[in-house]
Protein chains: 2
Amino acid sequence: MDDTDRRLLALLQEDATRSYAALGQAVGLSAAATHERVRKLREQGVIRRTAAEVDPAAVGKGVLAFVLVDATSWMGDSGAELAALPEIEEAHVVAGSASVLVKVRTSTTERLQDVLRGLYGIDGVSGTRATVVLDTLFERPVTP
Amino acid sequence: MDDTDRRLLALLQEDATRSYAALGQAVGLSAAATHERVRKLREQGVIRRTAAEVDPAAVGKGVLAFVLVDATSWMGDSGAELAALPEIEEAHVVAGSASVLVKVRTSTTERLQDVLRGLYGIDGVSGTRATVVLDTLFERPVTP
DNA sequence: GCCGCCGGTCGGTGTCATCCACGCCGGGTT
DNA sequence: AACCCGGCGTGGATGACACCGACCGGCGGC
């Protein structure tokens, strides 16, 4: 993982459709060498996958909220139950006053309420504190 | 935006390296027709971009935290100042007891502290409440 | 019923991903 | 110092694929 790899990662994060030739030119390498480095980055798991990034609003997910979930028991193993709610985009075990923090994206606030109801249905959940997002200033990839 | 488009989006979200031929076969369309639909989805902005997803841990970003930022003035226009902290991955204006919620990824907790210090340097910021992530259960794309 | 349009299939072409053989360079060994 | 060896890069070949244009069928509006 040298500096060239980091530059490749940065380029691929903003646009993974670039050809290896263009990519190589940007970092001063041949297309073949570039291909080889990217292949290794994939193999090592540094690049998890290459995916299309979809605009949530365009697929009817206009409501975003972060929900702190309080629980009376350990919830580190409830990943599957949380994943069963398809509107939950991320779930993290956190330190602090809550047990779990989830990021929820729904079409409407009514649907958000349904998700909160779903959360209460999970064993051990004793409360939720939702923070509704009014406007997203920016979202960007990690800077390597 | 019909059901075929939604299926294409789902497929491209899990792996955008698939060929149009394979993609078309999965939804029962020719490669050319698939190409055309994807082109339109891009043009309309439904697909924002296609990007490589990098494992944060592999690039030395092992610490994740969500920080609620309290402020004494309106912060909806402070996007640029927040974006100047490169460790901030997302920034949202929120309803509730705080003004802004940011997602921060750093190498160490010391660097997290530096980011918090940076936040206090922004005009109007009067406090921060950080919630540190212990374990990420899952992160997944929006379900169209 | 006719016309125009949207969305599809089919076929061709230039580009690109991908593989292979070879060469360069630096570190460790004798 | 000379040698060897492994990793990394280059150049070229080839087969697949993205991309484009021509054509066609169904559907809705006049």
Side-chain angles (χ1 to χ4, degrees), chain A residues 1-62 86 107 139-144, chain B residues 1-62 86 107 139-144:
Chain A
M1 259 290 277
D2 60 1
D3 199 60
T4 301
D5 281 331
R6 268 181 285 273
R7 288 174 62 196
L8 285 175
L9 287 178
L11 290 168
L12 287 174
Q13 277 183 329
E14 47 175 64
D15 183 8
T17 67
R18 252 182 289 243
S19 76
Y20 286 114
L23 221 49
Q25 198 166 16
V27 300
L29 239 58
S30 74
T34 306
H35 183 259
E36 178 62 13
R37 291 183 90 117
V38 174
R39 195 193 58 75
K40 278 183 188 163
L41 286 172
R42 271 184 224 286
E43 183 183 290
Q44 293 170 223
V46 178
I47 295 178
R48 283 217 191 103
R49 63 178 174 179
T50 123
E53 199 182 294
V54 172
D55 179 8
V59 291
K61 293 294 175 74
S107 51
E139 281 176 294
R140 63 185 175 194
V142 293
T143 54
Chain B
M1 259 290 276
D2 60 1
D3 200 60
T4 301
D5 281 331
R6 268 181 284 274
R7 288 174 62 195
L8 285 175
L9 287 178
L11 290 168
L12 287 173
Q13 277 183 330
E14 48 175 62
D15 183 8
T17 68
R18 254 183 286 243
S19 75
Y20 287 115
L23 220 50
Q25 197 165 18
V27 300
L29 239 57
S30 74
T34 307
H35 184 261
E36 178 63 12
R37 291 183 91 116
V38 174
R39 195 193 59 74
K40 278 183 188 164
L41 286 172
R42 270 184 224 287
E43 182 183 290
Q44 294 169 223
V46 178
I47 295 178
R48 281 218 193 101
R49 63 178 177 183
T50 121
E53 199 181 295
V54 172
D55 179 8
V59 291
K61 294 294 176 72
S107 50
E139 281 176 294
R140 63 185 174 193
V142 294
T143 53

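We name chains A, B, ... by the order of the sequence lines, and we start the count at 1 in each one.
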Anything under 4.0 Å to a heavy atom of chain B counts; send over the first and last such nucleotide of DNA chain D, read 5' to 3'.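 For DNA chain D, the relevant span reads D:dA18 to D:dC20.
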Quick check: closest heavy atoms across [X] and [Y], and the distance to 0.1 Å?
X     : Y     : result
B:A26 : B:R7  : O-NH2, 2.8 Å
B:A16 : B:T50 : CB-OG1, 4.2 Å
A:M1  : B:V59 : CE-CG1, 4.0 Å
B:A58 : A:V46 : CB-CG2, 3.9 Å
A:R48 : B:P56 : NH2-CD, 3.6 Å

A:E53: what forms a side-chain hydrogen bond (donor to acceptor under 3.5 Å, both in side chains) with it, not counting sequence neighbours?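 With sequence neighbours excluded, A:E53 shows a side-chain hydrogen bond (donor to acceptor under 3.5 Å, both in side chains) to B:R49, given in chain and number order.
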Applying side-chain hydrogen bond (donor to acceptor under 3.5 Å, both in side chains), can you list everything that pairs with A:D2, at least two apart in sequence or on another chain?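 For A:D2, the residues satisfying side-chain hydrogen bond (donor to acceptor under 3.5 Å, both in side chains) (neighbours in sequence not counted) are A:R37.
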Salt-bridged, B:R39 to B:E36, with N to O below 4.0 Å?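 B:E36 and B:R39: salt-bridged.
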Heavy atoms within less than 4.0 Å of DNA chain D: which residues of residues 3-25 of chain A have one? Give them sorted by number.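 Contacts with DNA chain D under 4.0 Å: none.
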Protein-to-nucleotide contact annotation, 5' to 3' order, nucleotides 7-14 of chain C [B base; S sugar-phosphate only; - none; under 4.0 Å, heavy atom]: SSSB----
Would you say A:K61's side chain and B:T143's backbone share a donor-acceptor pair under 3.5 angstrom?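 Yes; judged by distance alone, with no hydrogens or angles, the pair exists.
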Evaluate A:L12 against A:L41 for side-chain contact (heavy atoms from CB on, under 4.5 Å), listing each step before the verdict. CA-CA 11 Å; A:L12 287 174; A:L41 286 172; 5.7 Å; no
Enumerate the residue pairs fulfilling ring-ring contact (aromatic ring centres under 6.0 Å, His included) with a member in residues 2-38 of chain B, sequence neighbours excluded, ordered by first and then second residue.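 For residues 2-38 of chain B, and leaving out neighbouring residues, the ring-ring contact (aromatic ring centres under 6.0 Å, His included) pairs sorted by first residue read B:Y20-B:H35.
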Going by the rule side-chain contact (heavy atoms from CB on, under 4.5 Å), which residues pair with [X] if we only count those two or more places apart in sequence or in a different chain?
X      : result
A:A32  : A:S30
B:S107 : B:R111
B:Q25  : none

What residues in residues 41-54 of chain A put a non-hydrogen atom under 4.0 Å from any atom of DNA chain C?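 Output list: empty, so none.
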Just report the end-to-end axis angle for the helix from C:dG1-D:dC30 to C:dT30-D:dA1, five pairs per end, to 10 degrees.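 Angle reported: 30°, given to the nearest ten degrees.
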Set of residues satisfying salt bridge (Lys or Arg N to Asp or Glu O under 4.0 Å) with respect to B:R18, sequence neighbours excluded: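 Expected list: B:E14.
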